Asks: 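Questions regarding the structure given below will be posed in turn.
We're numbering straight along the sequence, starting at 1. Since this is a predicted model, take the numbers as computed values, not measurements.
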Amino acid sequence: MTVIASVLLLALTRAEIIERFKTPPVTHCDGLVQVFADCPADMRREYQVPVASYVSDICDTLYKTLMIKPRQFKEPGIIVHIGSVRTNVTDVISTVDRRAGNGRFTRIRLPAPAYSDMEALRIATAKAFFLSVAGEEIDDATAVSRLRLTDPVLRVADERSDLARWRDEGVFSSGKDDEFYLMQQRKVLMPGKASREDVLTFASRLRLYPAYYGTPFCGRYSSLSFDEAIDASQDDMIVRLAAVRKVSELLLYGGGRGDKMNLAVQAYGYFLTEVAKGEKTPDDLRNMLSAAEQKLKDVEDENSKDDNR
């Protein structure tokens, strides 16, 4: 807990402190994830369920992508504490603790949930996941590498880079041999082409929606355009969480539909990732959004040219 959070907590009455710790936790992923909100009621409403959803979505994706069989947890392996600091403290504090019987679990603290570093939270969650599910301690770099496997675009990019290092430098990745790389070389990527329907379908997904009905953005918006989300994300963490979820959804529209479509999808993904991080200025984000929109227009223009041939 930061000094700011400690001072604010000490300023509360004993009754207020007890009331905060009575707040029931939100539990997900068959008991793996548990989220406590040691903060006032308004902050609990805004952050407890969205944070629980964000962390559990990462765990579910790791289970599915890496084909790990989910298991039941009698005691949570990942415990997240949401603090009450309302200033721009970006800290994500992760520690490994032990229970009686020597069982290990990870405690992740978000002193100021509205400003928490989302990438740091994602990495901390991945490390906690592998510790709890596989008993494996991994470093940040390994966590990032495994998280990249959950992203279809990044996974393909990593596979191509790995193949190039073997072909050009004779470098083998762990557990791979010549036969594996020879099989990879025989894979023929047939670049496709995004149809007009593909573009329209993708364009129809360019809007953010809250994860849960009845929890509007900023307390009043049932949905937001990407441009509207730029300003709203400065004040509402739920918008940033929605941007993270939207990245995974949009990336599915890039593969197999041609290079230009893939570039457009990636550009939107980069934009949303920066919205989620909350580090760039609104002007910078609007420039990124404009660049993504231009790439999608390039796909539309290509379709128009083909129609006129």
Side-chain angles (χ1 to χ4, degrees), residues 1-5 7-8 35 37-55 57-58 80-93 108-125 205-251 265-296:
M1 184 176 291
T2 65
V3 173
I4 296 174
V7 170
L8 290 175
V35 179
D38 306 331
C39 55
D42 63 322
M43 293 186 75
R44 290 200 297 270
R45 286 193 298 270
E46 283 189 58
Y47 303 119
Q48 189 173 17
V49 171
V51 168
S53 176
Y54 177 69
V55 172
D57 282 350
I58 293 170
V80 182
H81 290 266
I82 297 173
S84 59
V85 179
R86 297 177 188 267
T87 57
N88 55 344
V89 178
T90 62
D91 298 355
V92 174
I93 306 164
I108 300 173
R109 295 178 176 85
L110 309 178
Y115 299 93
S116 298
D117 183 330
M118 302 305 293
E119 181 63 13
L121 176 56
R122 202 167 73 102
I123 292 172
T125 298
R205 300 296 192 271
L206 302 181
R207 199 168 182 85
L208 295 184
Y209 296 89
Y212 297 92
Y213 180 77
T215 57
F217 296 129
C218 304
R220 58 185 184 277
Y221 301 116
S222 59
S223 69
L224 291 169
S225 69
F226 284 0
D227 184 68
E228 293 168 334
I230 291 173
D231 291 327
S233 67
Q234 308 297 308
D235 304 312
D236 191 345
M237 184 187 184
I238 297 178
V239 178
R240 293 165 60 194
L241 292 171
V244 173
R245 290 194 301 272
K246 181 63 71 169
V247 172
S248 298
E249 176 190 333
L250 294 187
L251 287 175
V265 172
Q266 288 187 50
Y268 278 103
Y270 296 146
F271 159 74
L272 290 167
T273 298
E274 292 302 328
V275 170
K277 288 181 179 178
E279 296 174 355
K280 291 191 178 296
T281 66
D283 285 344
D284 287 339
L285 291 173
R286 286 196 164 85
N287 288 336
M288 293 185 72
L289 178 58
S290 178
E293 290 170 341
Q294 181 57 54
K295 290 185 187 302
L296 188 60

Asks: Test your reading of the model: is there a side-chain donor-acceptor pair from R122 to the backbone of D117, 3.5 Å cut-off?
Replies: no
Asks: What are the two closest heavy atoms between A112 and T87, and how far apart are they?
Replies: CB-O, 3.3 Å
Asks: Say whether, by atom type as modelled, one donor and one acceptor occur between the side chain of D91 and the main chain of I93 under 3.5 angstrom.
Replies: no
Asks: Could you point out which residue of I82, T125, V55 forms a side-chain contact (heavy atoms from CB on, under 4.5 Å) with I108?
Replies: T125
Asks: Give me the atom names and distance for the closest heavy-atom approach of P113 to G83.
Replies: CD-O, 3.5 Å
Asks: Assess whether salt bridge (Lys or Arg N to Asp or Glu O under 4.0 Å) is satisfied between D227 and R286, documenting all intermediate values.
Replies: CA-CA 7 Å; D227 184 68; R286 286 196 164 85; 2.9 Å; yes
Asks: Could you check if a side-chain atom of I230 sits within less than 4.5 angstrom of a side-chain atom of F271, using non-hydrogen atoms only?
Replies: yes
Asks: Looking at P210, P50, C218, which one forms a side-chain contact (heavy atoms from CB on, under 4.5 Å) with D236?
Replies: C218
Asks: Please walk me through it: do L296 and L206 pass side-chain contact (heavy atoms from CB on, under 4.5 Å)?
Replies: CA-CA 11 Å; L296 188 60; L206 302 181; 4.1 Å; yes
Asks: Answer yes or no: is there a side-chain heavy-atom contact under 4.5 Å between F226 and E293?
Replies: no
Asks: Give a yes or no on whether the backbone of R205 and the side-chain of K246 come within a donor-acceptor separation of less than 3.5 Å.
Replies: yes
Asks: Are side-chain heavy atoms of R245 and D57 found at a separation under 4.5 Å?
Replies: yes
Asks: Which heavy-atom pair separates A242 from F217 by the least distance, and what is that distance?
Replies: CB-CZ, 3.8 Å
Asks: Could you go step by step and tell me if V51 and M237 meet the side-chain contact (heavy atoms from CB on, under 4.5 Å) rule?
Replies: CA-CA 9 Å; V51 168; M237 184 187 184; 4.0 Å; yes
Asks: With the side chain counted from C-beta on, respond yes when Y115 and V89 share a heavy-atom pair under 4.5 Å apart, and no when they do not.
Replies: no
Asks: Is the shortest side-chain heavy-atom distance between L285 and Q234 below 4.5 Å?
Replies: yes
Asks: Do T281 and D284 have a side chain donor and acceptor closer than 3.5 Å?
Replies: yes
Asks: What I'd like to find out is whether the side chain of R86 reaches to under 4.5 Å of the side chain of C39, using heavy atoms alone.
Replies: no
Asks: For L110 and S116, which heavy atoms make the closest approach, and how far apart are they?
Replies: CB-OG, 3.6 Å
Asks: Calculate, to the nearest 0.5 Å, the distance between atoms CD and NE2 belonging to Q48 and H81 respectively.
Replies: 11.5 Å
Asks: Assess the side chains of E274 and Y270: does a donor N or O sit below 3.5 Å from an acceptor N or O?
Replies: no
Asks: Would you confirm whether E228, through its side chain, and S225, through its main-chain N or O, come within 3.5 Å as a donor-acceptor pair?
Replies: yes
Asks: Examine the side chains of S223 and R207 and answer whether a donor and an acceptor come within less than 3.5 Å of each other.
Replies: yes
Asks: Rounded to the nearest 0.5 Å, what separates atom CE in M43 from atom CG in D38?
Replies: 11.0 Å
Asks: Measure the shortest side-chain to side-chain distance between R240 and M118 over non-hydrogen atoms and say whether it is less than 4.5 angstrom.
Replies: yes
